[in-house]
Amino acid sequence: AIMLIVTYCLVDMFDTIGTLYGAASQANLIDENNDPYNVDQCMTSDSIATVVGGVLGTSTCTTFVESAAGVAAGGRTGLASLVTAACFFICLFLSPVTAIVPACATAPALIYVGVLMLRNFAKVDMDDALSAVPAFLALVMMPLTYSISNGIGIAAIAYVLIALGTKKYTKKDIVVTLIAILFTLRFFLVTM
């Protein structure tokens, strides 16, 4: 049971972190350290939504990578979220009508979101294997495993292995090492 709890915490945390960094960089809302503004408040908000959603029996309430499409369209304040919520409320009553739209019709929107997120990949230093290989693995493994957190976990494992192999491992890599160890345990001990 403990491994399942750790697994769900890792999945939720890294899905949120991946989405937060992607959407914030799309909106140019990152500081000089390439971190989004107000990371703590964003993570707290997502955590509260996840817990309250779980207690109320809804599907997982979390941030989604599709947020980048809204950010690219100019939605950077809470007003865009409120309008989206109002539209979803209206859709509650129109759900039988939406059943006539085939699922494959969402593919163009998802492809566009992928293109928006790929723009940030150009900032990766491709001459440095310590940066390039984990970034590439994250890029490839996210769609292949249908999980942002799996892609980040595989990238963290690769980063630690490359840092150890090239003797570039530093004291600041301890946190990444802990994440890599947790993901390694998850990949080998939990089948999902």
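Values below: every heavy atom of this structure, side chains too, minus hydrogens, waters and symmetry copies.
Both Val175 and Leu182 sit in one connected hydrophobic cluster of ILVMFWY residues. Membership requires side-chain heavy atoms under 4.5 Å apart, directly or through other members. Cluster annotation: Leu20 and Ile48 are assigned to distinct hydrophobic clusters (Ile/Leu/Val/Met/Phe/Trp/Tyr, side-chain heavy-atom contacts under 4.5 Å, transitive).
Side-chain contact between Ile17 and Met43 is present, with at least one heavy-atom pair separated by less than 4.5 Å. Using a 4.5 Å cut-off on side-chain heavy atoms (C-beta onward), Lys168 and Asp173 make no contact. The closest side-chain heavy-atom distance from Phe89 to Leu92 is below 4.5 Å.
A tilted orientation is assigned to the rings of Phe183 and Phe187, their planes being inclined by 30° to 60°.
Residues Asn150 and Ser147 approach most closely at N-OG, 3.1 Å, considering heavy atoms. In terms of heavy atoms, Leu137 sits closest to Ala158 at CD1-CB, 3.4 Å. When all heavy atoms of Leu130 and Ala163 are compared, the pair lying nearest together is CD1-N, 3.6 Å. Closest approach of Ala129 to Ile162, counting heavy atoms only: O-CD1, 4.0 Å. The two residues Gly151 and Met141 come nearest to each other via the heavy atoms CA-CB, 4.0 Å. Ala155 and Ala138 make their closest contact through CB-CB, 3.8 Å (heavy atoms, listed as atom of the first residue, atom of the second, distance).
Side chains of Tyr21 and Asp35: a donor-acceptor N/O pair is present below 3.5 angstrom, by distance only. For the residue pair Asp125 / Ser131, no side-chain donor-acceptor distance below 3.5 Å is found, with atom types taken as modelled. Between Tyr169 and Thr177, the side chains place a donor N or O and an acceptor N or O closer than 3.5 Å (distance only, hydrogens not considered).
Not a single donor-acceptor pair under 3.5 Å links the side chain of Asn38 to the backbone N or O of Gln41.
With sequence neighbours left out, the ring pair (Phe, Tyr, Trp, His ring centres under 6.0 Å) criterion links Tyr146 to no other residue. Judged as a side chain to side chain contact (heavy atoms under 4.5 Å, CB included), and not counting sequence neighbours, the contacts of Leu161 are Ile157. Taking Phe88 as the reference, nothing meets the ring pair (Phe, Tyr, Trp, His ring centres under 6.0 Å) condition, with sequence neighbours excluded.
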